[in-house]
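Here's the structure, in structure tokens; my notes come after.
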Amino acid sequence: EVQLVESGGALVQAGGSLRLSCAASGFTSDDYAIGWFRRAPGKEHEGVSCISSSDGSTYYADSVKGRSTISFDNAKSTVYLQMNSLKPEDAGVYYCAADDRYKMGVTLLKYRSFSYWGQGTQVTVSP
């Protein structure tokens with residue numbers, strides 16, 4: 001059974017940085033993608049970034065491109081999302097999600113394409 005556990009959410013000031021972690025386990029394939037989504041109050045889930053476990057290919061939403069870096073520590077089976085120059089609009093509950101890398105919509109960060117989800121971690125950005 002695939003399990004994803006997020007951590008690292010916090011209250012930070014605008015302009016600050018934060019690193020989120022997603023500990024992953026239970027995969028039966030070596031070629032999957034782990035993505036980050038966020039959901040602000042009253043809004044839909046927004047895809048932020050994802051990474052392929054096999055070759056490290058990365059994908060970013062335009063809203064975070066240039067400010068965020070996703071990485072995969074294979075030894076720890078953990079995905080990190082480093083976010084810099086945080087803005088109030090970056091606030092929300094951040095979820096880690098995973099599925100087959102080649103499943104339609106996964107690398108396009110389509111929310112409904114991901115089958116496995118963590119419980120979420122709260123990120124708050126003060127002005």
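Basis for what follows: all heavy atoms, side chains included, without hydrogens, waters or symmetry-related copies.
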Q: Apply the side-chain contact (heavy atoms from CB on, under 4.5 Å) test between Ile51 and each candidate in Phe72, Tyr80, Tyr60; give the one that qualifies.
A: Phe72
Q. Side chains of Ser68 and Leu81: closer than 4.5 Å at any heavy-atom pair?
A. yes
Q: Considering non-hydrogen atoms only, spot the tightest contact between Ala24 and Ile34 and give its length.
A: CB-CD1, 3.6 Å
Q: For the pair His45 and Tyr111, name the ring-plane relationship: parallel under 30°, tilted 30 to 60°, perpendicular over 60°.
A: parallel
**Q.** Student check: side-chain heavy atoms of Met83 and Tyr94 closer than 4.5 Å
**A.** yes
Q: Give a yes or no answer on whether the side chain of Ser54 reaches the backbone of Asp31 with a donor-acceptor pair at less than 3.5 Å.
A: no
Q | Residue pair Ser63 / Glu89, side-chain heavy-atom distance below 4.5 Å | A | no
(Q) Any non-hydrogen side-chain atom of Asp100 less than 4.5 Å from a side-chain atom of Val106? (A) no
Q. With side chains defined as the heavy atoms from C-beta onward, is the minimum distance between Ser17 and Gln82 less than 4.5 Å?
A. yes
Q: Under the side chain to side chain donor-acceptor pair (under 3.5 Å) rule, what do Thr78 and Asp73 come out as? Steps first, then yes or no, please.
A: CA-CA 5 Å; Thr78 298; Asp73 185 332; over 6 Å; no
**Q.** Gln119 backbone acceptor or donor facing Glu6 side chain under 3.5 Å
**A.** yes
Q: Please report the shortest heavy-atom distance between Ala91 and Val125, naming the atom on each side.
A: CB-N, 3.9 Å
Q | Nearest non-hydrogen partners of Ile70 and Ser49, listed with the distance | A | CG2-OG, 3.3 Å
Q | Backbone of Arg38 reached by a side-chain donor or acceptor of Glu46 within 3.5 Å | A | no
Q. Which pair of non-hydrogen atoms, one from Pro127 and one from Pro88, has the smallest distance, and what is that distance?
A. CA-CG, 4.3 Å
Q | Approximate separation, where rounding is to 0.5 Å, of Thr107 OG1 and Asp99 CG | A | 11.5 Å
Q. If two hydrophobic side chains count as joined below 4.5 Å and joins carry through other members, does Leu18 share a cluster with Tyr95?
A. no
Q | Shortest non-hydrogen contact from Leu109 toward Tyr59 | A | CD1-O, 4.4 Å
Q) Would Lys87 and Asp90 pass as an ion pair if we require N to O under 4.0 Å? A) no
Q | Any residue meeting side chain to side chain donor-acceptor pair (under 3.5 Å) with Lys110, in chain and number order, not counting sequence neighbours | A | none
Q: Could you pull out the closest heavy-atom pair between Gly35 and Cys50, with the gap in Å?
A: CA-CB, 3.4 Å
Q) Out of curiosity, does Phe37 fall in the hydrophobic cluster containing Leu20 (side-chain heavy atoms, cut-off under 4.5 Å, transitive links)? A) no
Q.
Keeping Arg67 on the side-chain end and Ser85 on the backbone end, is there a donor-acceptor pair under 3.5 Å?
A. yes
Q: May I ask you to check whether over 12 heavy atoms, not counting those of Lys76, lie within 6.0 Å of atom NZ?
A: no
Q. For atom CZ of Phe27, is the number of surrounding heavy atoms from other residues, nucleotides or ligands below 6.0 Å larger than 12?
A. yes
Q) Is a donor on one side and an acceptor on the other found under 3.5 Å between the side chain of Thr121 and the backbone of Ser7? A) no
Q.
Rounded to the nearest 0.5 Å, what separates atom OG in Ser77 from atom CD in Gln3?
A. 12.5 Å
Q: Start with the C-alpha distance between Trp36 and Phe114, add both sets of side-chain angles, then the distance that settles ring-ring contact (aromatic ring centres under 6.0 Å, His included), and finish with yes or no.
A: CA-CA 10 Å; Trp36 285 97; Phe114 287 78; over 10 Å; no
Q) When clusters are formed by joining ILVMFWY residues with side-chain heavy atoms under 4.5 Å apart, either directly or through shared neighbours, do Val64 and Val12 land in the same one? A) yes
